[in-house]
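Treat the numbers as computed from the prediction; the structure is a model and nothing was measured. Naming convention: chains lettered A, B, ... in sequence-line order (proteins, then strands); numbering from 1 in each chain.
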Amino acid sequence: MSENQETMTGKTRIQMAMRRKKTDRVPWVPFVGVHGGYLVDMPADDYLRDSNAIIAGVDKAIDLYQPDGIPVVFDLQVEAEALGCHLQWAKDNPPAVVSHPLADGIGIADLPELNPGSGRIPVCMEATSILRKKHPDIALYGLITGPFTLALHLAGTNIFMQMMESPDEAHTLMEYCHGISCNMASWYMEAGCDVIAVVDPMTSQIDPASFEMFVAPAVTKLFDMVRDRNKLSSFFVCGFAQQNVPAMAACKPNNVSIDENIPLSFVRETAEEHQISFGGNLKLTSVLSMGSTKEVEMHTLETLEEGGDTGFILAPGCDLVMETPIENLQAVTRVVSDPYHREFVKTLQAAPVIEEVQDLSERWQDDKVIIDVITLDASSCAPCQYMVEAMELASRPYGNKLQCNEFSIKNKEGLRMMKALGVKNVPVTVMDGEILFVSQIPPAREIEKAIQKKLAAKNLL
Amino acid sequence: MKELLEHIAYCIEYGKINIQSPFPPDMKGKKGADEYTKEALDAGVSPHKVLTEGLMVGMDKVGKKFRENKVFVPQVLMSAKAMNTAMEHLMPFFTSGDITPKGTFIIGTVFGDLHDIGKNLVAMMLKGNGWKVIDLGMDVAADKFLDTLHAHPDAVVGLSALLTTTMSNMQQIVERIREEKPSTLIAVGGAPVTKEFCDKIGADMYAPDPQGLLEELETAC
């Protein structure tokens, strides 16, 4: 961990980024939803109904991914279920709404009253309260179903035509959904959430005029309410919703978060214009879920470069795919939180492709042990410098029996050696071709032990 | 006569259903697709012409605007509703054989997936373009596609998925169809689906939007 990181908590980092204030680094918020179930080996349908499982899943995600902020529950069906929509549950996805009471002849007035005890709301709030106590330094996101998506759950696709044919009815429904959103937001804030994220993916399906007419009034009031309580707000939308991003920003949330369907640069400019924060847009499936760690690192770096350092929060485009490989999300963490690793990825990205693998068979000798330290560049990377110094110091007493070399990956020779030795991270220490110390500078005792072992193998002690 | 067909196309493009329909606001109180279609048929315009030079022209325009993000789902649904109203007048001619559909298209969202907005848009666009559409709904298993395919052996099959996790179910359905009816043309689509995925699972057609599918079908059939 670098010095900078210790000066700021994740929660502070999020709070400052959301207000477009300088932070020591870009904050990172993995949208862990059913992925939490994967982390605790539980199917989605059990996970999302059990507050203890959610607590364990989020705990594990915090431990593995060192996030600055994290959602407690990512399930856009909680309110709909409590209001009488039937759900179809799945093992590897959040549930899906399969009945729409307002389309089945039930009136708004006949819908069940929403209270803190309805449906799975107690599960969400209990998980929030406990996680709040366990992780005071992490920003907790309370995710609520956006009013338009909730309207669609309740009325089905009829809402689309209702907006055109009977706008008054559509307004009444949106007003009702706004009330539900306000209740959920209040309960999440009381339970300890720092950020209220309004997730309204279905708005990607409508035009800006409809958005301004039906969605904007409801969410603007909601964000005002959150602001009045000194909490922060975010407006998430998944899908191709570029047409509505300026209107979303005009609703005055603290942050707008989008997915890979929208260029981050467009959102950055819009956010700047409205002086709000913005987030996104790591590719959920093609990179985070299906890519290699190397692809994830490169993609994270590109996203960080596109997002810049003012008001940007790094996050996946939407709810993480349940079985997203843990090592891929840890790769994001590494790039966002370790400036040296970021520099390493950047160097590799710009480096020429080394096609041939150098034959090292002639390199190893019977009368000495060869120590190769692969670095970014010992002069500009402090951990690299310490590792080189530690190895040189430990080698000194053995004279000619040890040969210590540094290879910087900033030149071709270093890149060739990196490839030949199969090194994936820097700094790294390799003794006679065996990768021994990666990233961490080991205590002198351990270096000594490794050297002795290698020398003994060649009868050089 | 030409004017009536242009009115039909215009009403469908802008989602004007009938004289009572308040949408679009600037056409309030004016006749819609319903009235103009009836007038055209009463005036002796052939049903085939009403379909190809009226309905299809309107749907083609709205399909293109949807692809270019000039209109969105609500507007397309209004156009589809206008088209369905007009189509009611044409149904007897399909039954009598005066109009022959371009082909039969069996469509459904694959099992495990309960999202149907995209699938419905495709079904509407195809209907408006002269295809006979058999909509199997959502969460459709391979057996149901195959049973329907046995009843309509020359049909094209369209598989839709919104969730990344159900894309593998799409693959299973393609494999089953390939085993039992290898010559069937299969189209795939949905937000996470790509051309690369289509090729990988051995489907024949992929399009990112309904209009694209229509173009693919024109080439393939």
Can you tell me which portion of B:K70 sits under 4.5 Å from chain A's heavy atoms? Options are side chain, backbone, both or neither.
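For B:K70, neither part sits under 4.5 Å from chain A.
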Under 4.5 Å heavy-atom distance to chain A, tell me which part of B:L77 shows up: side chain, backbone, both or neither.
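Both the backbone and the side chain of B:L77 come within 4.5 Å of chain A.
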Any chance you could lay out the salt bridge (charged side-chain N to carboxylate O under 4.0 Å, His left out) test for B:R178 and B:D204, step after step, and finish with the verdict?
CA-CA 11 Å; B:R178 288 284 174 253; B:D204 302 290; 2.7 Å; yes
Minimum heavy-atom separation for [X] to [Y], with atom names?
X      : Y     : result
B:I19  : B:E35 : N-OE2, 3.0 Å
A:V321 : A:H35 : O-ND1, 3.9 Å
B:A86  : B:L55 : CB-CD1, 3.8 Å

Verdict with reasoning, B:D60 to B:Q211, per side chain to side chain donor-acceptor pair (under 3.5 Å):
CA-CA 7 Å; B:D60 183 60; B:Q211 197 64 22; 2.6 Å; yes
Should the pair [X]-[Y] be classified as a salt bridge under the 4.0 Å nitrogen-to-oxygen rule?
X     : Y      : answer
B:K38 : B:D34  : no
B:E68 : B:K64  : no
B:R67 : B:E215 : yes

Who are the side-chain contact (heavy atoms from CB on, under 4.5 Å) partners of B:Y10, not counting sequence neighbours?
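side-chain contact (heavy atoms from CB on, under 4.5 Å) check on B:Y10 returns B:Y14, B:M27.
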Flag yes if more than 12 heavy atoms outside B:E3 fall under 6.0 Å of its CD atom; otherwise flag no.
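Check fails, neighbour count at 12 or below.
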Inspect the surroundings of NZ in B:K102 and state if more than 12 heavy atoms from other residues, nucleotides or ligands are less than 6.0 Å away.
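Counting other residues, nucleotides and ligands, NZ of B:K102 exceeds 12 neighbours.
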Which residues in residues 130-149 of chain B have any heavy atom closer than 4.5 Å to a heavy atom of chain A?
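So far as heavy atoms go, B:D139 are the residues that approach chain A to under 4.5 Å.
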What do the steps show when you test A:D207 against A:S210 for side chain to side chain donor-acceptor pair (under 3.5 Å), and what is the final call?
CA-CA 5 Å; A:D207 53 294; A:S210 301; 2.7 Å; yes
Within residues 93-106 of chain A, which positions have a heavy-atom distance to chain B below 4.5 Å?
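Contacts with chain B: A:N93, A:A96, A:V98.
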Among residues 149-170 of chain A, which residues come closer than 4.5 Å to chain B, judged by heavy atom distances?
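So the qualifying residues are A:L152, A:T157, A:F160, A:M161, A:M163, A:M164, A:E165.
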Under 4.5 Å from any heavy atom of chain B - which part of A:Q205:
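For A:Q205, heavy atoms of backbone and side chain both lie under 4.5 Å from chain B.
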